[in-house]
Amino acid sequence: MTHQNPGIEELQEQERRLVFDRFTHDDAWALGTLLVELARERRAPVAVDIHRAGQQLFHAALPGSTPDNDAWIARKRRVVERYGCASYLVGARFRAKGTTFEESSRLDPDTYAAHGGSFPITVRDVGVIGAVTVSGLPQVEDHRLVVEALERFLAR
């Protein structure tokens, strides 16, 4: 596993690749459960959340996570819902322009956080219908955990 932070090209490639043919309640349960299993293996103190069309379909809080993780989940998820792409990618695009999301987005940082860990649930020929979000690790690790779970889930 590379320890260099993913660049914009790599992040965009992940989004092009990690697309669903459909996304049901059962898929949310299976993906959420997979994320929890991966997090438990690593003893990661995270909370996991899956939203689709404004409805929470999955939520789990692992040992070591806190209510603050839920607040971060909501803020990162809102970035995905507003921009239609991963929260980490949104932050990276601002950094690439020599600024930050907080300085330049004109959005309330108490409501939106362009920190890694929320990834769009994209359905082929439909678009972004929701988000899968992890909070509790450094932002790039939150992002990597979600990507790894999506890769495994979609390879099934």
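What you find for Pro45 and Asn69 is that their closest heavy atoms are O-OD1, 4.2 Å. Pairing each heavy atom of Pro63 with each of Arg40, the nearest pair is CD-NH1, 4.3 Å. Contact detail for Ala113 and Val79: the closest heavy-atom pair is O-CG2, 3.4 Å. Across all non-hydrogen atoms, the minimal contact from Ile8 to Ala92 is CD1-O, 3.8 Å. Phe101 approaches Ala114 most closely through the heavy-atom pair CG-CB, 3.4 Å. Of all heavy-atom pairs between Ala149 and Leu34, the closest is O-CD2, 3.4 Å.
When hydrophobic clusters are built by joining Ile, Leu, Val, Met, Phe, Trp and Tyr residues whose side-chain heavy atoms come closer than 4.5 Å, directly or via intermediates, Leu137 is grouped together with Val146. Criterion: ILVMFWY side-chain heavy atoms under 4.5 Å apart, direct or through other members. Under it, Leu150 and Val126 are part of a common hydrophobic cluster. Leu31 and Val46 fall within a single hydrophobic cluster, where Ile, Leu, Val, Met, Phe, Trp and Tyr are joined by side-chain heavy atoms under 4.5 Å apart, directly or via other members. A continuous path of ILVMFWY side-chain contacts below 4.5 Å connects Val36 to Leu38, so both sit in one hydrophobic cluster. Grouping the Ile, Leu, Val, Met, Phe, Trp and Tyr side chains by contacts below 4.5 angstrom, directly or via other members, places Leu18 with Ile129.
Two residues are said to be in side-chain contact when any heavy atoms from C-beta on lie closer than 4.5 Å; Val90 and Cys85 meet this criterion. In this structure, the side chains of Glu9 and Leu11 stay at 4.5 Å or more apart for every pair of heavy atoms. A heavy-atom distance below 4.5 Å is found between the side chains of Gln12 and Arg93.
Summarising the geometry, atom CD belonging to Glu10 is positioned 8.5 Å from atom CD belonging to Gln4; distances are rounded to the nearest 0.5 Å. One finds the CD1 atom of Ile50 at 12.0 Å from the CZ atom of Arg77 (value rounded to the nearest 0.5 Å). Taking OG1 of Thr100 as the reference point, atom CD of Glu103 lies at 3.5 Å (rounded to 0.5 Å). Interatomic distance, CG of Leu107 versus OH of Tyr83, reported as 4.5 Å (0.5 Å rounding). The CD1 atom of Ile73 sits 8.0 Å away from atom OG of Ser65, with the distance rounded to the nearest 0.5 Å. How far CG of Leu89 is from CZ of Phe119: 9.0 Å, rounded to the nearest 0.5 Å.
With respect to the salt-bridge test (charged N to carboxylate O, under 4.0 angstrom), the residues Glu148 and Arg144 do not qualify. Taking the charged nitrogens against the carboxylate oxygens, Asp142 and Lys76 do have a contact shorter than 4.0 Å, which makes a salt bridge.
Taking the six-membered ring where the residue is Trp, the centroids of Phe20 and Phe153 are separated by under 6.0 Å.
At most 12 non-hydrogen atoms from other residues, nucleotides or ligands lie less than 6.0 angstrom from CZ of Arg82.
A donor-acceptor pair under 3.5 Å is formed between the side chain of Glu15 and the backbone N or O of Ala86. In this structure a side-chain-to-backbone donor-acceptor pair under 3.5 Å is present from Ser87 to Ser118. With hydrogens and angles ignored, the 3.5 Å screen pairs a side-chain donor or acceptor of Arg78 with a backbone N or O of Thr111. Judged by distance alone, the side chain of Arg75 and the main-chain N or O of Pro109 form a donor-acceptor pair under 3.5 Å.
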Set out, in order, the CA-CA distance, both residues' side-chain angles and the distance that settles side chain to side chain contact (heavy atoms under 4.5 Å, CB included) for Gln139 and His143, then state yes or no. CA-CA 6 Å; Gln139 65 166 333; His143 176 82; over 6 Å; no
Do Val132 and Phe58 pass the side chain to side chain contact (heavy atoms under 4.5 Å, CB included) test, and can you show the C-alpha distance, the side-chain angles, and the key distance before you say yes or no?
-> CA-CA 9 Å; Val132 52; Phe58 186 93; over 6 Å; no
**Study point:** Full working for side chain to side chain contact (heavy atoms under 4.5 Å, CB included) between Arg152 and Arg156
**Key:** CA-CA 7 Å; Arg152 288 190 189 198; Arg156 290 176 171 178; 5.9 Å; no
Would you please test Arg52 and Ile121 for side chain to side chain contact (heavy atoms under 4.5 Å, CB included) and show each step?
CA-CA 8 Å; Arg52 183 189 72 183; Ile121 296 168; 5.6 Å; no
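No side-chain donor-acceptor contact under 3.5 Å links His51 and Glu81.
Pairs of residues two or more places apart, or lying in two chains, that qualify as side chain to side chain donor-acceptor pair (under 3.5 Å) and include a residue from residues 120-132 are Asp21-Arg124.
Both the sub-6.0 Å distance and the 45° axial angle are not jointly satisfied by Arg106 relative to the ring of Phe94.
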